[in-house]
Amino acid sequence: MLKIVFMGTPDIAKLALERIYESGNEILAVVTTPDTQKGRGMKFIPSPVKEYALEKGFKIYQPEKIRKNTEFIETIKDLNPDVICVVAYGKILPKLLLEIPKFGCINIHPSLLPKYRGPAPIQWAVLNGDKTTGVSIMYLDEGMDTGDIIIQEETKIEPKETTGNLWNRLSIMGANLIVTALEQIEAGTVQRRKQEGEVSIAPMLDKEISKINWEEKTGENICNLVRGLNPIMGAYSYLEGKKIKFWDVEYLQNEDVIKDFPELEEYLYKLKDVDPGTVLFSDSKKGLFIKAIDGIIKAIEIQPENSKRMNACDYLRGNPIEIGKIFE
RNA sequence: CGCGGGGUGGAGCAGUUGGCAGCUCGUUGGGCUCAUAACCCAAAGGUCGGUAGUUCGAGUCUACCCCCCGCAA
């Protein structure tokens with residue numbers, strides 16, 4: 001049994017905390033970011049980690065800042081933890097804190113380091129259309145995700161998998177893996193190795209990215225954008241001044257569409273002349289088809305302005321879209 | 001007391017200056033088809049988010065409440 005201080009904030013961290021606790025370790029304290037005003041009405045919402053900690057009665061700390069917060073650092077020092085586990089805490093730990101636990105500070109990072117160092121590794125793996133990714137358990141050092149690796153596990157990214165799906169899977173993998181790492185630390189069999197391979201950075205997602213660029217992006221790019229931003233932001237486009245978000249789309253070749261809908265064949269000759277983003281076919285039974293530079297995007301799940309997500313076909317029933325209108 | 005949008009048959013929407021609650025689909029039954037997600041005919045299905053009020057009369061106007069959604073953080 002190890003004595004652990006856990007630092008983390010979102011749901012991915014909550015799951016890890018849960019597993020660490022359930023596998024028989026002692027949680028000396030939980031550190032999470034202060035409650036923030038979120039959502040409609042700007043109410044103060046505790047982080048998922050805090051909720052779980054409250055439920056289990058763990059000691060909770062929510063310092064505003066930790067760099068130069070000597071009082072907080074002393075508090076942690078007094079707890080005398082064997083290990084500090086950090087999972088998506090949201091703040092960079094100062095050296096003074098890193099040096100406290102005798103077995104070090106370990107971290108879950110949801111990518112195969114050194115690929116995708118930084119805050120948005122899962123999102124970027126999907127956005128870039130990667131076929132595989134993984135989870136790394138590593139020692140923290142003063143850099144950004146540059147510490148030595150303890151264990152890594154790889155997983156495939158399914159062709160239609162969204163960031164949300166992958167996020168859930170990696171959360172579980174990470175939670176299990178950090179427990180394994182803790183067991184190794186306790187048993188004294190833990191190994192560490194330097195990060196090797198090509199380094200890349202996964203920066204925070206810019207808002208700009210969520211607008212679909214029909215002119216320049218290929219059908220595959222658009223598909224990756226849509227699933228990569230689901231469910232965090234959603235990719236959007238404007239139709240007649242109204243913002244429409246795309247939550248699920250399918251990328252089709254012209255031939256695929258003709259095969260399913262022979263009646264579209266008469267439109268085929270027009271395809272070359274039409275601008276990307278143009279609505280090629282719109283019907284509440286067959287769906288909504290939009291031209292991309294190299295094929296056709298079929299909208300499956302969309303979200304109109306001020307409304308909720310819905311099936312594209314449902315939307316078209318009450319809001320018919322004329323063929324020839326252009327998304328931009 | 002951050003800003004804004006909205007709750008109308010199972011789904012998505014319309015409903016003008018208050019005056020019989022509609023549209024596109026779906027569902028059920030029937031018909032036509034070699035056949036169909038196509039077409040034709042018919043039917044069922046709503047206390048219009050809730051409560052109180054104004055009125056001869058409220059989906060529509062007023063007040064309060066509940067729920068949902070978007071932006072912003």
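Convention: sequence-line order gives letters A, B, ...; per-chain numbering from 1.
The side chain of K285(A) places an N or O atom within less than 4.0 Å of a non-bridging phosphate oxygen (OP1 or OP2) of G26(B).
To the nearest angstrom, P of G12(B) lies 17 Å from CG of L288(A). A11(B) atom P lies 19 Å from atom CZ of R309(A), rounded to whole Å. Computed from coordinates, the D283(A) CG to G12(B) C1' distance equals 14 Å when rounded to whole Å. Separating the OH atom of Y238(A) from the C1' atom of C71(B) is a distance of 11 Å, rounded to the nearest angstrom. Distance, I244(A) CD1 to C13(B) C1': 14 Å, rounded to whole Å. In this structure, K242(A) atom NZ and G70(B) atom P are separated by 17 Å, rounded to whole Å. Here C25(B) presents its P atom at 12 Å from CG of L316(A), a figure rounded to the nearest Å. The distance between atom CD1 of I321(A) and atom P of U24(B), rounded to the nearest whole Å, is 19 Å.
Partners of Q152(A) according to the side-chain hydrogen bond (donor to acceptor under 3.5 Å, both in side chains) rule, which considers only residues two or more places apart in sequence or in another chain, are S136(A), R193(A).
When the C1' atom is used for both G49(B) and G9(B), the distance is 15 Å, rounded to whole Å. Spacing of P atoms, C3(B) relative to G45(B), comes out at 44 Å, to the nearest Å. Going from the C1' atom of U24(B) to that of C64(B) covers 36 Å, rounded to whole Å. Rounded to whole Å, the separation between the P atoms of C69(B) and C1(B) comes to 25 Å. Of the P atoms belonging to G7(B) and U62(B), the separation is 15 Å, rounded to the nearest Å. U60(B) and G53(B): their C1' atoms are spaced 15 Å apart (whole Å). Using atom C1' as the reference point in both C25(B) and A44(B), the two lie 16 Å apart (nearest Å). Of the C1' atoms belonging to A11(B) and G26(B), the separation is 7 Å, rounded to the nearest Å.
No hydrogens or angles considered: a donor-acceptor pair under 3.5 Å links the side chains of N165(A) and T162(A).
Tested against M173(A) for a side-chain contact (heavy atoms from CB on, under 4.5 Å), the candidates N168(A), I108(A), T155(A) yield a single pass: T155(A).
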Without placing hydrogens or testing angles, list every side-chain donor-acceptor pair under 3.5 Å for residues 95-107 of chain A, not counting sequence neighbours.
{"from": "K102(A)", "atom 1": "NZ", "to": "D82(A)", "atom 2": "OD1", "distance (Å)": "3.4"}
{"from": "N107(A)", "atom 1": "ND2", "to": "V86(A)", "atom 2": "O", "distance (Å)": "2.7"}

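In the set A37(B), U24(B), C13(B), U24(B) carries the atom at the smallest distance from any side-chain atom of R317(A). For D314(A), the listed nucleotide lying nearest its side chain is A11(B); candidates were U24(B), A11(B), A38(B). Listed candidates were G70(B), C13(B), G12(B). Nearest to the side chain of Q303(A) is G70(B). With C13(B), C69(B), A38(B) as the choices, the nucleotide that has an atom nearest any side-chain atom of N319(A) turns out to be C13(B).
Pair assignment for G4(B): C69(B), on the basis of Watson-Crick or G-U wobble contacts that are both within less than 3.5 Å. Base pairing annotation: C39(B) forms a Watson-Crick or G-U wobble pair with G31(B), both donor-acceptor distances under 3.5 Å. Applying the Watson-Crick and G-U wobble criteria (two distances, each under 3.5 Å), U51(B) pairs with A63(B). Searching all strands for a Watson-Crick or G-U wobble partner of U16(B) with both distances below 3.5 Å returns nothing.
As judged by a 4.0 angstrom heavy-atom cut-off over every strand, K245(A) is placed among residues touching the sugar-phosphate backbone only.
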Worked check of ring pair (Phe, Tyr, Trp, His ring centres under 6.0 Å) between Y89(A) and F6(A): CA-CA 9 Å; Y89(A) 172 59; F6(A) 185 89; 9.5 Å; no
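Note on D248(A) versus R309(A): no salt bridge recorded, every NZ/NE/NH1/NH2 to OD/OE distance being 4.0 Å or above.
Each of M310(A) and S284(A) has a nearest nucleotide on RNA chain B; the 5'-most of these lies closest to M310(A).
The aromatic rings of Y61(A) and F72(A) stand perpendicular to each other, their planes meeting at an angle above 60°, with 30° marking the opposite boundary.
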